[in-house]
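In this chain, residues are counted from 1 in sequence order.
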Amino acid sequence: MDNFMNKFSAVMMPISQKISQNRYVKAISAGMMLTIPFTMVGAIAFLFAVAPGEQAKAMGGFAGAFFTGWAQLTAKVGGYALAVYNYTLGLMAVIACIGIAYNLAKEYKLGQIECALVSLAVFFMVVEGDAGYFGGKGIFTAIVVALVATEIYHLCAVKNIIIKLPDSVPETISRSFSALIPFAFSVIVLGGIYVVVKQTSGLHFGAWFISILQPALDVVDSYPTVLLLCLFGSVLWAFGIHGHAVIMPIFNPIIATAMAENFELVSAGKAAIFHPVFLVGVTNVAAFSMWILSIFMIKSKSKTLNAIGKATVFPGLFIMEPVFFGTPIALNFILMIPYILLTFVNFFVFYLLYKFAILPVPYVYVGGITPLGLGYFLQTQKAIGFLIPWIQVLISIPVWIPFFKIYEKQCLAEEAENEETENQ
């Protein structure tokens, strides 16, 4: 078994590193990460933009008074809160376009600000200033524009097709002129594509691109694909390879787009639609599914596990790495099995919870790591979102226990053997 694990790791590690270190994947990931503080602020603001329903206000006692007060507060500040939402989360594609171009330019050692601004200007052009595509709906267009515009800038730099001013000219002026030709080429190339698309389809580039992508998005946004990719990510993690770095660049833009569509529905008074891709967040075996291991280890008779449990119990509430590599789960055949098994268990349990409307459908995109269920709460704008991580904990307990007991016995035996050796 050790031989197989070593061979698998030797094969997959270079592939994973090649994917995660690809300049385009790195730029997209970094650009999407840049949206996190904006999406968090926007999601919180939205809490005060929409009043609780009449059913919530009609509840008796403290709950009814709370929701009535919330509605009264929303009536006063709702307009301002909605403005905050529109200019934070509602600008997610704009921010991502800037961030992706900036980070790709950084990879190429080009002028980051110049590339970001060129990309942004072209993005506004190809979506015709349609504010509906400034948020999650325009993510895919933002990615394409940022990558293509920066590549054009890079090509101009490599071929020396730029305006160079004498060294005596101030740097800010020189840099501005150096962006002139790349910007012109970006407008010609992407603007030309935009004109052709507009003339043939009647749609601006953003709307047309989404329509072209839809068949592929439907494949990725399906139950089998979500399960297989999440399972693949878990297998990579089990061999010590960062699985999220491989699969999340695929899912993040799709999740953002689906959330944006749901937000439009909810804003129009309609019900949000559940997308299979929403299961990614709860199927990926993340921090909370492993946090219970820290509790098990704290109560363990094994001195080694007890020390690891105490060291990981707090950080394990936020990130998975301390528990994952501290226990360890990576390259540990005993604990790899329940870790991978949890992917299946989480997928089917949460599928049923959403299927029978026990959990609300998310419609506000929130990226990044959020503590203690805050992210799920903001995504659903429902208090039950705080319970989702604890549901993950409950699900994981019966899966972890039998395998943890086996691993604990192994640790105790090793400790006893070491003590015996030291006493000789």
> Please identify each residue that fulfils salt bridge (charged side-chain N to carboxylate O under 4.0 Å, His left out) with Glu414, with sequence neighbours left out.
none

> So, Ser119 side chain and Ala149 main chain: donor-acceptor pair closer than 3.5 Å or not?
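Answer holds: no.
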
> Backbone N or O of Val197 within a donor-acceptor pair of the Thr200 side chain at under 3.5 Å?
yes

> Can you check side-chain contact (heavy atoms from CB on, under 4.5 Å) on Asp221 and Leu217, steps first, answer last?
CA-CA 6 Å; Asp221 189 13; Leu217 296 180; 5.5 Å; no

> Got a sec, which pairs hit side chain to side chain donor-acceptor pair (under 3.5 Å) with one end in residues 351-364, sequence neighbours left out?
none

> Any heavy-atom pair between the side chains of Phe38 and Leu89 that's under 4.5 Å?
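Answer no - side chains too far apart.
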
> Could you tell me if Tyr24 and Glu151 have a donor-acceptor pair between their side chains, going purely by distance under 3.5 Å?
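Glu151 vs Tyr24: donor-acceptor pair found between side chains.
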
> Just by modelled atom types, is the Val280 backbone N or O under 3.5 Å from a matching donor or acceptor in the Thr283 side chain?
no

> Side chains of Tyr194 and Val122, heavy atoms from C-beta outward: is any pair under 4.5 Å?
no

> Name all pairs fulfilling the ring-ring contact (aromatic ring centres under 6.0 Å, His included) condition that reach into residues 91-120, sequence neighbours left out, sorted by first residue then second.
Tyr108-His154

> Would a 4.5 Å heavy-atom cut-off, applied to side chains only, mark Thr380 and Val361 as touching?
no

> Flag the pair Glu128 and Lys198 as a salt bridge only when some basic side-chain nitrogen lies within less than 4.0 angstrom of an acidic carboxylate oxygen.
yes

> List the steps, then state whether side-chain contact (heavy atoms from CB on, under 4.5 Å) holds for Phe347 with Cys230.
CA-CA 9 Å; Phe347 180 88; Cys230 286; over 6 Å; no

> Nearest 0.5 Å, what's the CD1-CG distance between Ile100 and Leu34?
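Nearest 0.5 Å value for the CD1-CG distance: 9.5 Å.
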
> Below 4.5 Å, heavy atoms only, C-beta onward: do Asn306 and Lys299 meet side chain to side chain?
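The answer is no; the side chains never approach within 4.5 Å.
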
> Would you please name every residue forming a salt bridge (charged side-chain N to carboxylate O under 4.0 Å, His left out) with Glu415, sequence neighbours left out?
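Here no residue qualifies.
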
> Can you give me every donor-acceptor pair (side chain of residues 401-410, partner residue at least two apart or in another chain, under 3.5 Å) with its distance?
from   : atom 1 : to     : atom 2 : distance (Å)
Tyr407 : OH     : Thr327 : O      : 3.1
Glu408 : OE2    : Ser300 : OG     : 2.6

> Just verifying a value: how many Å separate Cys411 SG and Met297 CE, rounded to the nearest 0.5 Å?
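The CE atom of Met297 is 9.5 Å from SG of Cys411, to the nearest 0.5 Å.
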
> Is any side-chain heavy atom of Leu279 less than 4.5 Å from a side-chain heavy atom of Asn346?
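A side-chain contact under 4.5 Å is absent here.
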
> Are more than 12 heavy atoms from other residues, nucleotides or ligands located less than 6.0 Å from atom OH of Tyr80?
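Open.
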
> Distance from Leu387 atom CG to Leu353 atom CG, nearest 0.5 Å?
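Atom-to-atom, Leu387:CG and Leu353:CG are 11.0 Å apart.
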
> Does the ring center of Phe134 lie less than 6.0 Å from the ring center of Phe124?
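Phe134 vs Phe124: aromatic centres under 6.0 Å.
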
> At their closest point, which heavy atom of Thr150 faces which heavy atom of Leu110, and how far apart are they?
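Of all heavy-atom pairs spanning Thr150 and Leu110, the closest is O-CD1, 4.2 Å.
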
> Of the non-hydrogen atoms in Ala256 and Ile139, which two are nearest, and what is the gap between them?
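Answer, listing the atom of Ala256 first, then Ile139: CB-CG1, 4.0 Å.
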
> Keeping Ser29 on the side-chain end and Lys26 on the backbone end, is there a donor-acceptor pair under 3.5 Å?
no

> Roughly how far apart are Glu114 CD and Leu180 CG, rounded to 0.5 Å?
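Going from CD on Glu114 over to CG on Leu180, the span is 12.0 Å.
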
> Looking only at heavy atoms, what is the nearest atom pair of Ser396 and Ile292, with distance?
OG-CG2, 3.6 Å

> Looking at CG of Leu120 and CD1 of Ile98, how far apart are the two atoms once the value is rounded to the nearest 0.5 Å?
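Output value for this atom pair is 4.5 Å.
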
> Hey, does Ser186 have a side-chain heavy atom less than 4.5 Å from the side chain of Val148?
no

> Is a donor on one side and an acceptor on the other found under 3.5 Å between the side chain of Asn262 and the backbone of Pro362?
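Indeed, once roles are kept as given, a pair shorter than 3.5 Å links the two residues.
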
> Report yes or no: does Trp400 contribute a side-chain atom to a donor-acceptor pair with the main-chain N or O of Leu293 at less than 3.5 Å?
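Absent.
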
> Closest approach of Asn103 and Gly99, non-hydrogen atoms and distance?
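Result for this residue pair: ND2-O, 2.7 Å.
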
> If you look at every heavy atom in Ala45 and Val84, which pair is closest and at what distance?
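Heavy atoms of Ala45 and Val84 come nearest at CB-CG1, 3.5 Å.
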
> The criterion is salt bridge (charged side-chain N to carboxylate O under 4.0 Å, His left out); which residues satisfy it with Lys310, sequence neighbours excluded?
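In terms of salt bridge (charged side-chain N to carboxylate O under 4.0 Å, His left out), with neighbours along the sequence ignored, Lys310 is linked to no residue.
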
> Would you call the rings of His204 and Tyr133 parallel, tilted or perpendicular if under 30° counts as parallel and over 60° as perpendicular?
perpendicular

> Does Ser222 reach the main-chain N or O of Val219 with its side chain, forming a donor-acceptor pair under 3.5 Å?
yes

> Check whether any side-chain heavy atom of Gln392 lies under 4.5 Å from a side-chain heavy atom of Phe350, and answer yes or no.
yes

> Check step by step if side-chain contact (heavy atoms from CB on, under 4.5 Å) holds for Phe205 and Phe123.
CA-CA 9 Å; Phe205 181 81; Phe123 172 75; over 6 Å; no

> Return the OG to CZ distance between Ser201 and Phe209, rounded to the nearest 0.5 Å.
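Nearest 0.5 Å value for the OG-CZ distance: 13.0 Å.
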
> Would you name the heavy atoms of Ala101 and Cys115 that are closest together and state the gap between them?
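Heavy atoms of Ala101 and Cys115 come nearest at CB-O, 3.7 Å.
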
> Trp291 and Val313: side-chain contact (heavy atoms from CB on, under 4.5 Å), yes or no, with the steps?
CA-CA 7 Å; Trp291 176 77; Val313 67; 3.9 Å; yes

> Side chains of Phe348 and Leu227: does their closest heavy-atom pair fall under 4.5 Å?
yes

